[in-house]
Asks: 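Please find one structure pasted underneath; my questions will follow.
Naming convention: chains lettered A, B, ... in sequence-line order (proteins, then strands); numbering from 1 in each chain. Here the structure is a predicted model, which is why all the values come from computation and not from measurement.
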Amino acid sequence: MFSTPVNSYRSLNEGIFLLSNNLNPYTNGEIIHHPPILLWLFKILKESNIEDNFNTDLFYSLMDLLMCLQLIKINRKVNGKYGFSSLKIACFHMFNPFTLLTTFSKSTHIINNLLVISVSSCLVQDKFEAAIILLGLSSYLTYYSWYLLIPICYYLYVNKGISKVIKTKILFSLTLSVLIGISYKLSDDSFNFINLCYSTILRFKKITPNSGLWWYFFTEIFEFFNDFYLAVFNIYGLIFVLPLSIRFIKSNEKMNLLFVLWICVGLINFAKSYPIFADYTLFYSSIFLFKKYYSNLKFSPVIDYLFLYVVLLQAPTFYVVWMVLSSGNANFFYAIGLTLALLESIILSDFIWSFIQSEYYLNHKSDTKEDNVPPKLTQI
Amino acid sequence: MKLGILGLVLTAIVSAEKSSLNLNENDKIPTNIDSENQLNVEDVSIEIADKDEGHEESILIEINTDANAAAGGDDNDYQAQPDVTEAREVRFFNENEKHYPNSEYLNIKPLKGNNVLFSFNFDVNSTVKLYPETNDILYYDVFPKSVGSILKSSNARELHVRFAHGWYDSELNGKLVDNGFTTGGTGVELWASIEANSKEEAFENWVLLANSLSGMFCSSFNFIDKSITTTPEKLFANDVELEEQVALEGNIYRFRSALPREPICTENLTPFLKLLPTKARQGISTLLSGNKIFNAEWSSMAIDVVTDCSEGDSNHCQQSMKQSINMILNIPKILDRNEMPIPKPTPGAKLRCDETRLFDAFNCFPLPPSKELDFSFIDLFGKQIEGGSLLGSEPTKVCLDIDLDNWSVEMRTLAPVSDFYEDSKLCFYLTSTAQYNIAFNTKDASSINSVEAPPFYASRSLSSYSQDNGGFRYDLYNPGYEPQKIVIFETLPWFVRLYMHTLTVVVTDENGNTIKNINVNDAELSDYVKEIVYNPAIDRVAPTHFELSIEVPAHTKLKFTTNFDKAMLLYAEYPPDANHGFELQPTIFALIDDNSKVEYIMRTTTSLLVLPTPDFSMPYNVIILTLTIMSVTFGSIFNLLVKKTVTEEEAEKHNSERPLEKIKRKIRGILGK
């Protein structure tokens with residue numbers, strides 16, 4: 001739950017150990033699924049030692065702090081005085097149990113969280129080039145982030161025309177090529193790391209129980225259908241991105257772009273093969289940026305959070321009941337994963353509906369009745 | 001020319017009055033050198049049943065007709081080939097010389113705890129060509145043809161097979177027989193040296209070899225594939241360095257594999273005995289019957305085939321096959337079983353009670369097991385030795401490593417027997433066809449000849465009871481006065497995801513006081529761990545394989561621990577009884593000398609690993625539930641994106657204008673409501 005094979009701190013340590021003993025983990029065996037640059041970064045940070053030192057503690061604290069600062073920056077920029085105060089945003093993020101657990105579990109996914117938040121921050125400040133480079137880095141680390149390129153490109157297309165989109169795409173592929181080139185060199189001239197890092201995510205090669213939908217499905221599915229459903233599950237995550245962008249991104253509305261990015265992050269969490277707590281940190285810390293849609297929600301964020309905590313407290317319990325005590329079986333843990341997925345789905349659609357309503361009221365300001373009660377909305 | 005000799009051979013045999021002749025496919029035997037039929041001759045078997053001697057000699061001649069080579073072969077080439085069989089014709093026809101290069105030897109040694117060790121050893125030799133020509137006639141006399149042709153087709157130069165079951169208690173039973181070279185770990189184990197031009201080719205031959213042996217020994221060798229095969233580095237070196245002796249055409253590749261879950265049983269013993277020249281009808285092998293020897297506390301069967309070209313001539317290499325069976329029998333247990341095949345409670349009258357304590361019709365404090373033993377071969381094996389092996393180049397030898405002051409031994413036979421002493425053992429040669437039975441009697445079974453202690457003690461255990469991770473603990477104890485170099489050889493299946501960086505070493509003295517705790521980052525680690533050979537696993541393709549070279553100081557105990565994660569398997573990859581757990585093959589500990597030569601080798605027991613299991617009754621439920629959640633999410637978001645947003649009033653108005661509503665209204669109007 002806190003770590004999966006693709007972002008576990010323990011296998012990163014194993015990688016560092018092998019590397020410092022002159023055994024390249026990208027050409028021997030299937031131990032590490034972290035991208036090579038990340039491994040080298042940690043190797044330098046930890047001075048080839050396995051034990052945690054001051055550097056790593058500092059590194060993780062810094063990640064957290066930077067993420068918090070970026071959140072505050074975005075909040076100031078897009079919400080102004082309508083949103084929560086900076087102090088509240090900081091508190092919400094820093095004392096969020098998700099954030100604390102993520103930092104304690106030392107999952108490398110926290111770097112990706114920072115990158116995605118920074119991408120959003122750069123976007124709201126109109127620093128598109130920086131955003132694209134950061135996005136490239138994030139895609140390199142976790143694969144899924146490239147989905148976010150679609151809404152960004154669409155935004156640029158609406159606002160600045162097609163030539164800017166092409167430039168962005170070139171910049172993005174350039175960033176990726178450079179990163180992959182460096183990785184190629186770092187892993188002793190071998191492209192095996194692509195297989196280890198990305199093919200593992202796409203093909204779901206290492207089945208470990210996690211809070212997502214994939215693991216039990218692919219454990220139980222008949223081998224004959226395996227490839228078909230791999231394709232289905234992979235397409236599922238991607239299929240929402242373009243419709244969301246087209247529906248919501250209007251010219252020069254930063255908030256809309258931000259909202260689409262945030263919903264995409266939520267949907268990726270829902271549909272990804274190895275979700276972990278760190279993913280929820282990113283999504284649920286950003287929930288506070290969208291205060292202005294709270295009024296139209298069916299369930300307030302407080303209730304969402306309560307539900308989440310109940311579900312997420314049960315998840316480790318059922319995991320222990322299954323794995324350690326052997327008094328429950330895999331179905332318990334799977335059921336809680338399903339509930340979590342359902343909850344995420346409700347939160348996502350609730351926010352989208354709330355967004356649609358706000359949009360409607362904004363466009364039909366003159367229609368509001370005299371007593372200032374907004375009309376009830378529905379869809380046909 | 002060669003066929004001419006064969007013709008002569010046949011005439012000679014027919015003319016021999018004593019022998020009865022049994023020819024297979026004799027209609028196909030060519031009489032003409034130029035005949036095309038000669039390539040069809042695949043197998044000519046000549047059996048001489050020597051009735052007077054009361055035993056059988058089986059001599060097989062195989063004409064090597066390789067289909068591929070034959071296709072391109074030319075009759076003229078065939079004639080031009082040198083005659084290689086001449087030297088052996090002499091041996092084949094010498095009526096007086098009935099001794100073939102094989103020998104057998106039985107050693108019996110009482111151990112502590114009313115146990116007795118029986119070691120059966122059988123040696124066979126033959127001369128082979130390393131690279132037989134396509135049309136060579138291959139001769140098999142005592143060397144089994146079945147093994148010979150497998151070795152030939154897979155190009156294996158060395159072959160080692162082990163079958164074992166039970167637990168060897170080295171604290172009680174001491175050093176393993178023959179320093180552990182002829183004993184295996186629980187399950188089956190196979191290693192071989194294969195000559196090939198590339199590793200891929202060698203691996204193909206290895207699989208071929210395993211599959212052939214699988215059929216031969218009725219065992220699961222056919223499950224050997226890449227995911228359980230390793231190429232050992234420090235251990236399992238070749239017994240003979242062929243590369244140094246002759247110029248080889250290819251390279252030698254070594255492979256090793258083990259199947260720890262394999263139960264060893266009668267169906268493995270029967271083919272094992274079939275390989276013997278005596279076929280278990282004569283000599284010490286007559287004692288071996290499946291229904292008795294698997295009652296042993298511990299038993300191990302071994303086959304070692306080695307090719308030795310020490311003369312430097314690849315046409316005259318010695319191929320030797322050593323078969324051995326070692327077993328430890330618990331005598332009282334076997335005698336009890338003879339008496340009561342179905343276990344029942346001991347009747348009251350037969351209970352051995354301590355009469356110094358409370359003792360009446362209802363109370364009985366049991367005495368320790370009796371030290372009086374009285375048994376013979378018939379009690380233990382249900383049989384006696386049916387005469388010595390008269391085929392052998394040496395007479396059958398039976399030796400007793402026994403304390404004759406406390407044990408009385410009686411050789412029961414009608415033939416004259418001469419006994420002699422060899423290294424303080426009492427030995428007999430069995431030289432006739434009479435039956436031999438040895439009876440043992442002792443008042444004090446605990447007085448035995450000294451048992452040599454093993455040079456070190458080692459074990460492996462699993463820690464943690466969680467299903468998603470665990471740890472290994474290796475304990476090693478050097479009781480000696482000298483530091484020892486020991487290699488730990490471990491092969492783990494891919495679903496054990498080992499973390500080498502979690503390796504820790506705890507050094508303790510003999511009394512268990514901790515001296516040092518070391519982890520992988522400490523510089524002190526290199527004082528104990530000299531070298532690590534590590535091949536990480538690849539899922540479903542290659543096992544984890546590591547070999548640790550360790551130096552254990554004198555009078556020191558070392559404890560190694562490592563942690564690992566357990567992988568989940570796919571639904572179909574679990575065996576039928578998944579919750580039973582998965583057997584891990586024994587760890588091998590070997591004491592090596594300064595030249596890296598193995599001096600003593602032992603195997604731990606297997607470990608039972610419990611993996612996380614899914615609920616096997618759930619596939620349909622899981623598929624349905626997961627996909628429902630996914631489609632509900634998809635549906636709701638899709639609806640939100642594509643539908644038009646209106647106020648509720650507008651929606652009602654719109655609804656009322658739907659054609660269906662209009663029709664409904666009309667119907668209501670007609671009905672007058």
Asks: Can you tell me which portion of A:Trp322 sits under 4.5 Å from chain B's heavy atoms? Options are side chain, backbone, both or neither.
Replies: both
Asks: What part of B:Ile637 gets within 4.5 angstrom of chain A, counting heavy atoms only: side chain, backbone, both, or neither?
Replies: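 Only the side chain of B:Ile637 comes within 4.5 Å of chain A.
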Asks: Give, as side chain, backbone, both or neither, the part of B:Ala542 having an atom under 4.5 angstrom from any heavy atom of chain A.
Replies: neither
Asks: Is it the backbone or the side chain of A:Leu213 that comes under 4.5 Å from a heavy atom of chain B, or both, or neither?
Replies: both
Asks: Compute whether any side-chain donor of one residue and acceptor of the other, for A:Lys205 and A:Asn195, lie under 3.5 angstrom apart.
Replies: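 A:Lys205 vs A:Asn195: donor-acceptor pair found between side chains.
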Asks: Who passes side chain to side chain contact (heavy atoms under 4.5 Å, CB included) against B:Phe634, sequence neighbours left out?
Replies: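 Expected list: A:Tyr236, A:Ile239, A:Phe240, B:Phe638.
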Asks: Among A:Val320, A:Ile221, A:Asn331, which residue has the highest count of heavy-atom pairs closer than 4.5 Å to chain B?
Replies: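 Looking at each option in turn, the highest pair count goes to A:Asn331.
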Asks: Based on non-hydrogen pairs under 4.5 Å, which of B:Ala537, B:Ala651, B:Ser636 is most in contact with chain A?
Replies: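 Ranked by heavy-atom pairs under 4.5 Å with chain A, first place is B:Ala537.
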Asks: Non-hydrogen atoms of chain B under 4.5 Å away: do they reach the side chain of A:Asn28, the backbone, both or neither?
Replies: both
Asks: Quick check on A:Leu325 against chain B: is it the side chain, the backbone, both or neither that has a heavy atom closer than 4.5 Å?
Replies: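 When you check distances to chain B, no heavy atom of A:Leu325 falls under 4.5 Å.
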Asks: Heavy-atom distances under 4.5 Å only: say whether A:Phe248 touches chain B with side chain, backbone, both or neither.
Replies: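 Only the side chain of A:Phe248 comes within 4.5 Å of chain B.
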Asks: Which bit of B:Thr613 is near chain A, if near means a heavy-atom gap under 4.5 Å: side chain, backbone, both or neither?
Replies: backbone
Asks: Give, as side chain, backbone, both or neither, the part of A:Ile346 having an atom under 4.5 angstrom from any heavy atom of chain B.
Replies: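 Nothing of A:Ile346, per the 4.5 Å heavy-atom cut-off to chain B.
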Asks: Output the option from A:Lys206, A:Arg247, A:Glu223 having the highest count of non-hydrogen pairs under 4.5 Å with chain B.
Replies: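 Max contact count across the listed options: A:Lys206.
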Asks: What residue in A:Asn21, A:Leu244, A:Thr208 has the most heavy-atom pairs under 4.5 Å with chain B?
Replies: A:Leu244
Asks: Report yes if the side chains of A:Tyr26 and A:Leu39 come closer than 4.5 Å at any heavy-atom pair, otherwise no.
Replies: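 A:Tyr26 reaches A:Leu39 side chain to side chain.
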Asks: Of the backbone (N, CA, C, O) and the side chain (C-beta and beyond), which part of A:Tyr334 lies under 4.5 Å from a heavy atom of chain B, both, or neither?
Replies: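 Contact with chain B is through the side chain of A:Tyr334 alone.
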Asks: Answer with side chain, backbone, both or neither: which region of B:Asn639 has an atom nearer than 4.5 Å to a non-hydrogen atom of chain A?
Replies: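 Just its backbone gets close to chain A.
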Asks: Quick one: list whatever passes side chain to side chain contact (heavy atoms under 4.5 Å, CB included) with B:Asn655, sequence neighbours left out.
Replies: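 B:Asn655 satisfies side chain to side chain contact (heavy atoms under 4.5 Å, CB included) with B:Arg658 once adjacent residues are dropped.
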